[in-house]
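When reading the values below, keep in mind they use all heavy atoms of this one structure, side chains included, and skip hydrogens, waters and symmetry mates. We count ligands from 1, going down the list as the structure has it; atoms in each ligand are counted the same way.
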Amino acid sequence: MSDHDPRGQERRERAGISRREILASSGAAAFLSGLTGARSAKAQDAAEPKIAWAGPRKHPVSLKLNGKPAKLAVEPRVTLLDALRDHLELTGTKRICDRGACGGCTVWLDGLPVNSCMTLAIDAEGRSVTTIEGLSQGGELHPVQQAFVEEDALQCGFCTPGMVMSCAALLAHNKSPSDAEIKEAVAGNLCRCGTYPHVFSACRKAAGQ
Ligand code: FES
Ligand code: FES
């Protein structure tokens, strides 16, 4: 990479590598210091702009998480999924596609299922978030979780938290769903292992059918 390449210079500045360090490591500094009229590496460093913080700072977020108050501070770009997994250590919610295509990251926001990878953490401010970790109560599995176990509705299990959250959200609002309503409820949840028939029967079982 040429030292006179302006794009290379820009990349080095972004990486925090000074002109002085490059010259020193290549041995060229000793040669240049002897040139009449050449600007010293020190002068070059002084002329280079300092790297400043770019973008907005962290924002405080307060929410109700699995029934309890929770606070965190995140940059506005952070998704609810990343906040749950990386900031709040709730890794039951899975990051699979990270672009709203698979439903593996399904959580409840104010009781309704959402893809947490498509929801900004700052949009959860003042709201209620329920994750798979918050579904069981008093040490007892949620009826949907129990039915998934009994109906063997999982193989690798990666889609399972999202499937369970979608089925449980359906039953929270519809105690006796039809087969069509069950299929619609999990239409956004993809299972590469093909467990759909078992998921449907587990949801029916949890509904007492
Ligand atoms: S990880 Fe969010 S929809 Fe796939
Ligand atoms: S059980 Fe493997 S992806 Fe659904």
For this session: Find all atoms of ligand 1 within a distance of less than 4.0 Å from any non-hydrogen atom belonging to I96, and give their numbers and elements.
Result: 1 (S)
Problem set entry | Residue pair G92 / E133: nearest heavy atoms and the distance that separates them | N-OE2, 2.7 Å
Exercise. Just which atoms of ligand 1 are under 4.0 Å from any heavy atom in C102?
Worked result: 1 (S), 3 (S), 4 (Fe)
Problem set entry | Close-contact set for ligand 2 against G157 heavy atoms, below 4.0 Å | 1 (S), 2 (Fe)
Exercise. Do any N/O/S atoms of C105 come under 2.8 Å of atom 2 (Fe) of ligand 1?
Worked result: yes
Problem set entry | Which atom of P143 lies closest to which atom of A206, heavy atoms considered | O-CB, 3.8 Å
Seminar exercise, completed: Scanning both residues in full, the closest heavy-atom pair of V74 with A121 reads CG2-CB, 3.9 Å
Problem set entry | Per-atom contacts, ligand 1 versus G100 - under 4.0 Å to a heavy atom | 3 (S)
For this session: Just jot down the ligand 2 atoms closer than 4.0 angstrom to any heavy atom of C159, in number order.
Result: 1 (S), 3 (S), 4 (Fe)
For this session: Examine all N, O or S atoms of C191, backbone included, and report whether one is under 2.8 Å from atom 4 (Fe) of ligand 2.
Result: yes
Exercise. Is the distance from atom 4 (Fe) of ligand 1 to some N, O or S atom of C117 under 2.8 Å?
Worked result: no
Exercise. Which atoms of ligand 1 sit under 4.0 Å from any heavy atom of C97?
Worked result: 1 (S), 3 (S), 4 (Fe)
For this session: Of the side chain and backbone of A101, name the one, both, or neither that has a heavy atom under 4.0 Å from an atom of ligand 1.
Result: backbone
Seminar exercise, completed: Per-atom filter on ligand 2: closer than 4.0 angstrom to a heavy atom of R192 are 3 (S)
Problem set entry | Whether over 12 other heavy atoms sit under 6.0 Å from E181 CD | yes
Exercise. Quick one: which of V107, L88, T131 gives a side-chain contact (heavy atoms from CB on, under 4.5 Å) with N66?
Worked result: T131
Exercise. Is a donor on one side and an acceptor on the other found under 3.5 Å between the side chain of E125 and the backbone of S62?
Worked result: yes
For this session: If you have a sec, work out which protein heavy atom is nearest atom 1 (S) of ligand 1 and how many Å separate them, to one decimal?
Result: D98 N, 3.2 Å
Seminar exercise, completed: Heavy-atom nearest pair, L81 first then K94, reads CD1-O, 4.0 Å
Exercise. If every non-hydrogen atom of C203 is compared with every non-hydrogen atom of L170, which pair is closest and at what distance?
Worked result: SG-CD2, 4.2 Å
